[in-house]
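To keep things clear, I will list the structure first and then write my remarks on it.
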2 protein chains.
Amino acid sequence: MTEKDTLMRIGELSARTGASVRSLRYYEQQGLLTSTRTTGAHRLYTEAAVDRVHLLRLLYEAGLSSDTIATLLPCVDAPAEKVTVDTLDVMQRERERINTQIAAMLTTRDHLDVLIEAATGHLDRQRDAALTT
Amino acid sequence: MTEKDTLMRIGELSARTGASVRSLRYYEQQGLLTSTRTTGAHRLYTEAAVDRVHLLRLLYEAGLSSDTIATLLPCVDAPAEKVTVDTLDVMQRERERINTQIAAMLTTRDHLDVLIEAATGHLDRQRDAALTT
DNA sequence: GTAGAATCTGACGTTGATGTCAGGTTCAAC
DNA sequence: GTTGAACCTGACATCAACGTCAGATTCTAC
């Protein structure tokens, strides 16, 4: 058995992932995270849960919704068994959404760079003027 | 005068930008969009409003909030007059946020590519099996 | 001047991920 | 067995960018 069985409770998982306890419970409620339970109904997580939560955070940060993640996770876990034309469609739509949003962010970042350049220049001149007064 | 004075009303601006009428009023309420008014209080927009709305949509799509946009717009309009250390800070924070989110989206897109590859392969095999039955 | 389309303001509804609080239970250590 | 920390469920709160609806007013064309 490779089962090290080093189970942790929700507080530790929260500390190790940065996700709030509330969020972890929410993820479970959305079917994105599983846990075994203690006889007293306290949640127990394996080491693998840490990676799973990190994956969830990544996908959330990339703008995926809980629903979308719930649709795609089976494909992540069961490499090919759970794939349907619908899930493939979700993947491709999401990929498109990400592409357009990346484009918007790149353009916006360029705009910000111009603004930052102008702003630092302006503030530098202001500071110089103040120093020579 | 270069004032062509081809003013348009909110319905036309909506049609030309893709933003809903509701959104345009909301933008104005947030101080992101200005309009003159007809004697009967109907909004009138110049051609420049089209570009402004497109800019707003871009910034929203890049994840900026109304508040952030409201802070930065003066810097866009008055190249250097309205810049303070605070606005510069907002710009830099927003740039950082965009960078980390782009990173998340790139990683997620890579994951999706792997999934899509596996999925198309699996579905192709399924289809082939069905055809040869 | 009248009809019908467009617009106005104001207010309440929605959605999704999470915060927060209440009241009760369980766990770990002593 | 007692205590204090951690945990449980359930419920309501939040926030932002809208949607939507109501009731009134204005514009445009005839």
Side-chain angles (χ1 to χ4, degrees), chain A residues 5-45 49 52-73 90 94 97 101 104 108, chain B residues 6-45 49 52-73 90 94 97 100-101 104 108:
Chain A
D5 267 0
T6 311
L7 298 177
M8 73 191 92
R9 283 171 305 160
I10 199 169
E12 185 179 346
L13 183 59
S14 170
R16 289 179 57 183
T17 59
S20 72
V21 168
R22 174 68 173 91
S23 293
L24 295 176
R25 295 203 189 102
Y26 178 73
Y27 299 161
E28 180 171 329
Q29 188 184 340
Q30 299 301 304
L32 312 179
L33 184 63
T34 54
S35 64
T36 55
R37 295 296 187 111
T38 225
T39 53
H42 283 200
R43 290 172 178 81
L44 292 176
Y45 299 97
R52 160 109 329 175
V53 173
H54 282 143
L55 174 62
L56 294 179
R57 306 291 283 177
L58 174 76
L59 298 179
Y60 277 121
E61 180 140 31
L64 303 227
S65 71
S66 293
D67 258 27
T68 302
I69 299 176
T71 302
L72 298 186
L73 270 189
V90 170
E94 212 59 37
R97 190 194 55 75
Q101 191 170 352
T108 297
Chain B
T6 312
L7 298 179
M8 72 190 91
R9 285 169 304 158
I10 200 169
E12 185 180 346
L13 183 59
S14 171
R16 288 179 58 182
T17 60
S20 72
V21 168
R22 175 65 172 94
S23 293
L24 296 176
R25 294 202 191 103
Y26 177 74
Y27 300 160
E28 180 169 329
Q29 189 184 340
Q30 300 300 305
L32 312 180
L33 184 63
T34 55
S35 65
T36 55
R37 296 296 187 111
T38 226
T39 52
H42 283 199
R43 290 172 178 81
L44 292 176
Y45 299 97
R52 159 105 336 170
V53 172
H54 282 143
L55 174 62
L56 294 179
R57 307 293 283 179
L58 174 75
L59 298 180
Y60 276 121
E61 181 141 33
L64 303 226
S65 71
S66 294
D67 258 26
T68 302
I69 299 176
T71 302
L72 298 185
L73 271 189
V90 169
E94 211 58 37
R97 189 193 58 73
T100 64
Q101 190 170 352
T108 297

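- Atom CZ of R37(A) and atom P of dC8(D) are 6 Å apart (whole Å).
- Here T38(A) does not reach the OP1 or OP2 of dT26(C): none of its side-chain N or O atoms lies under 4.0 Å away.
- In this structure, the separation between OG1 on T100(B) and CD on E61(A) is 5.0 Å, given to the nearest 0.5 Å.
- With values rounded to the nearest 0.5 angstrom, L24(A) atom CG is found 5.0 Å from L13(A) atom CG.
- Between E12(A) and R9(A), no side-chain nitrogen of the basic residue sits less than 4.0 Å from a carboxylate oxygen of the acidic one, so the salt-bridge criterion is not met.
- To the nearest angstrom, P of dC18(D) lies 12 Å from CG of L33(B).
- Residue Q29(A) contributes atom CD, which lies 13 Å from atom P of dG16(C) at whole-angstrom precision.
- To the nearest angstrom, C1' of dA16(D) lies 12 Å from OH of Y27(B).
- Put simply, the side chain of S35(B) never gets that close to the backbone of L44(B): no donor and acceptor are under 3.5 Å apart.
- Ranked by how close their nearest DNA chain C nucleotide is to the 5' end, V21(B) and H42(A) are led by V21(B).
- The listed nucleotides are dT26(C), dC18(D), dC8(D); the one nearest the side chain of S23(B) is dC18(D).
- Both R9(B) and Y45(A) lie close to DNA chain D; mapped to their nearest nucleotides by heavy-atom distance, the more 5′-ward contact belongs to Y45(A).
- Distance Q30(A) CD to dT18(C) P: 10 Å, rounded to the nearest Å.
- If you take CZ on R52(A) and CG on L33(A), they are separated by 7.5 Å, rounding to the nearest 0.5 Å.
- A distance of 9.5 Å separates OG1 of T17(A) from CG of L56(A), quoted to the nearest 0.5 Å.
- One atom, CG of L24(A), and another, P of dT9(D), lie 13 Å apart when rounded to the nearest Å.
- The shortest distance between the side-chain N/O atoms of R43(A) and the OP1/OP2 oxygens of dT26(C) is not below 4.0 Å.
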Could you give me the CA-CA distance, side-chain angles and deciding distance for R37(B) and R43(B), then say whether side chain to side chain contact (heavy atoms under 4.5 Å, CB included) is met?
-> CA-CA 5 Å; R37(B) 296 296 187 111; R43(B) 290 172 178 81; 3.2 Å; yes
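- A salt bridge does not link R25(B) to E28(B): none of the charged side-chain nitrogens sits closer than 4.0 Å to a carboxylate oxygen.
- A close approach under 4.0 Å does not occur between any side-chain nitrogen or oxygen of Y26(B) and OP1 or OP2 of dC18(D).
- For R25(B), no side-chain nitrogen or oxygen approaches OP1 or OP2 of dG19(D) to under 4.0 Å.
- Straight-line distance from the CG atom of L7(B) to the P atom of dT7(C): 14 Å, rounded to whole Å.
- Toward the 5′ end of DNA chain D lies the nearest nucleotide of R57(B), the other residue of the pair T39(B) and R57(B) mapping further downstream.
- Across the protein-nucleic acid pair, L13(B) atom CG and dA6(C) atom P stand 16 Å apart, rounded to whole Å.
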Identify all pairs in which a protein N or O lies below 3.5 Å from an N or O of nucleotides 12-14 of chain C, and state each distance.
none

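- When the side-chain nitrogen and oxygen atoms of S20(B) are compared with OP1 and OP2 of dG19(D), one or more of them lie within a distance under 4.0 Å.
- How far CD1 of I69(A) is from OH of Y60(A): 4.5 Å, rounded to the nearest 0.5 Å.
- Residues from residues 60-71 of chain B placing a heavy atom under 4.0 Å of any atom in DNA chain D, listed by number, are Y60(B), S65(B), S66(B).
- Distance OG1/T68(B) to CG/L73(B): 10.5 Å, rounded to 0.5 Å.
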